[in-house]
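To start, the structure itself, in structure tokens.
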Amino acid sequence: SFVRVLAEGEREASLIIEGITCAACIWLNEQHVARLPGVCAVEVNFSTRRARVRWNEQKIQLSGILAAIAAIGYRAHPYDVAKSEELARKERRSALWRVFVAGFGMMQVMMYAFPVYVAGEGDMAPDIEQLLRWASLLLTLPVVVYSAAPFFRGAWRDLRLRRVGMDVPVAIGVGAAFAASVWATLTASGEVYFDSVTMFVFFLLGGRYLEMTARQHAVSVT
């Protein structure tokens with residue numbers, strides 16, 4: 001029902017691509033699908049995540065196009081207004097929970113990091129400082145594992161496809177800072193950056209959430 005029959009054996013379909021977060025995702029999907037034999041044209045709208053694909057059914061089937069999109073880490077559905085709104089609500093709810101966890105972790109970690117910053121040399125006992133580090137580690141762990149998960153998934157997808165997207169430097173920065181802080185906590189030496197990790201993840205997720213809600217609102221108005 002969502003496939004149009006065109007002249008000379010060509011077909012055209014409207015799809016919703018799930019998992020798109022930036023303009024680089026649009027470019028990747030368009031370039032990947034356009035290289036498939038039998039695909040005549042493909043265009044993805046960044047605001048609506050709606051893709052228009054035209055292909056020759058004698059050379060490729062729609063199932064092959066959907067499989068190719070899934071192979072690079074995205075999911076394609078037949079375009080439907082109700083389905084699009086459902087995916088938008090799901091995306092907002094998931095993103096809001098990730099922002100909430102990151103924000104809560106950031107506030108708590110900053111509360112533990114502040115005494116270490118203001119304390120003078122010798123004012124804080126080493127065991128108390130070490131206790132604060134362990135508390136910060138436990139609070140940062142859900143931020144890295146849950147809130148920052150989209151960055152790590154996106155980075156793994158980009159590296160698997162031998163390309164560098166926007167998520168790669170974010171994942172490297174968050175992962176390296178967290179790993180260095182964990183090592184400093186385990187060895188009771190060096191500096192920890194749990195507060196920087198949680199703050200970085202919170203602001204990145206917050207900006208992405210605001211952009212997403214603004215985009216979805218603009219689409220619903222139009």
Side-chain angles (χ1 to χ4, degrees), residues 2 13-30 44-52 66-67 69-111 136-158 160-161 165-175 177-178 194-222:
F2 62 96
S14 295
L15 306 172
I16 304 173
I17 299 183
E18 187 178 357
I20 290 178
T21 58
C22 61
C25 299
I26 301 292
W27 178 87
L28 175 61
N29 277 275
E30 289 182 341
V44 183
N45 186 287
F46 178 71
S47 299
T48 61
R49 301 326 195 228
R50 181 177 183 177
R52 293 184 180 274
L66 299 180
I69 295 174
I72 58 174
Y74 300 88
R75 295 183 61 188
H77 309 273
Y79 182 80
D80 178 77
V81 176
K83 181 67 175 180
S84 178
E85 294 177 354
E86 179 186 350
L87 291 176
R89 286 194 300 268
K90 179 181 177 182
E91 186 180 8
R92 285 196 306 269
R93 183 167 60 250
S94 176
L96 188 58
W97 271 109
R98 296 184 192 277
V99 172
F100 173 77
V101 172
F104 180 80
M106 179 190 67
M107 290 186 293
Q108 295 299 314
V109 171
M110 288 298 296
M111 184 177 66
S136 298
L137 189 157
L138 295 176
L139 288 167
T140 306
L141 187 61
V143 176
V144 174
V145 173
Y146 174 70
S147 295
F151 300 121
F152 290 107
R153 284 199 301 265
W156 171 249
R157 179 187 62 213
D158 291 340
R160 184 167 54 87
L161 297 172
M166 298 176 62
D167 291 327
V168 173
V170 174
I172 293 176
V174 171
F178 181 72
F194 296 120
D195 54 335
S196 300
V197 170
T198 54
M199 185 182 302
F200 187 52
V201 174
F202 172 74
F203 283 119
L204 283 177
L205 290 175
R208 181 173 288 187
Y209 177 77
L210 292 176
E211 183 274 333
M212 177 185 62
T213 53
R215 169 176 47 80
Q216 292 180 356
H217 177 70
V219 171
S220 63
V221 171
T222 55

Legend entry - Student check: side-chain heavy atoms of Met110 and Met199 closer than 4.5 Å: yes
Inset, instruction - Kindly indicate whether a cation-pi arrangement holds for Arg98 with Tyr146, taking the cut-offs as under 6.0 Å to the six-membered ring centre and within 45° of the axis. - result: yes
Inset, instruction - Report yes or no: does Thr198 contribute a side-chain atom to a donor-acceptor pair with the main-chain N or O of Asp195 at less than 3.5 Å? - result: yes
Inset, instruction - Take the angle between the ring planes of Phe100 and Phe104 and call it parallel below 30°, perpendicular above 60°, tilted in between. - result: parallel
Legend entry - Minimal non-hydrogen separation, Ser14 against Arg50, with atom names: OG-NH2, 3.3 Å
Inset, instruction - Evaluate the criterion side chain to side chain contact (heavy atoms under 4.5 Å, CB included) for residue pair Asp167 and Trp156; output intermediate values, then yes/no. - result: CA-CA 9 Å; Asp167 291 327; Trp156 171 249; over 6 Å; no
Inset, instruction - Give a yes or no on this: more than 12 heavy atoms of other residues, nucleotides or ligands lie within 6.0 Å of atom CE of Met166. - result: no
Inset, instruction - Would you check if the side chain of Arg49 reaches a backbone N or O of Ile20 as a donor-acceptor pair within less than 3.5 Å? - result: yes
Inset, instruction - Identify the heavy atoms of Arg92 and Thr213 that sit nearest to each other, and give their distance. - result: CD-CG2, 4.0 Å
Legend entry - Heavy-atom check, side chain of Val143 versus side chain of Val197, under 4.5 Å: no
Inset, instruction - Provide the closest heavy-atom pair for Cys25 versus Gly19 in the form atom of the first, atom of the second, distance. - result: SG-O, 4.5 Å
Legend entry - N/O donor-acceptor pair under 3.5 Å between Glu30 side chain and Val44 backbone: yes
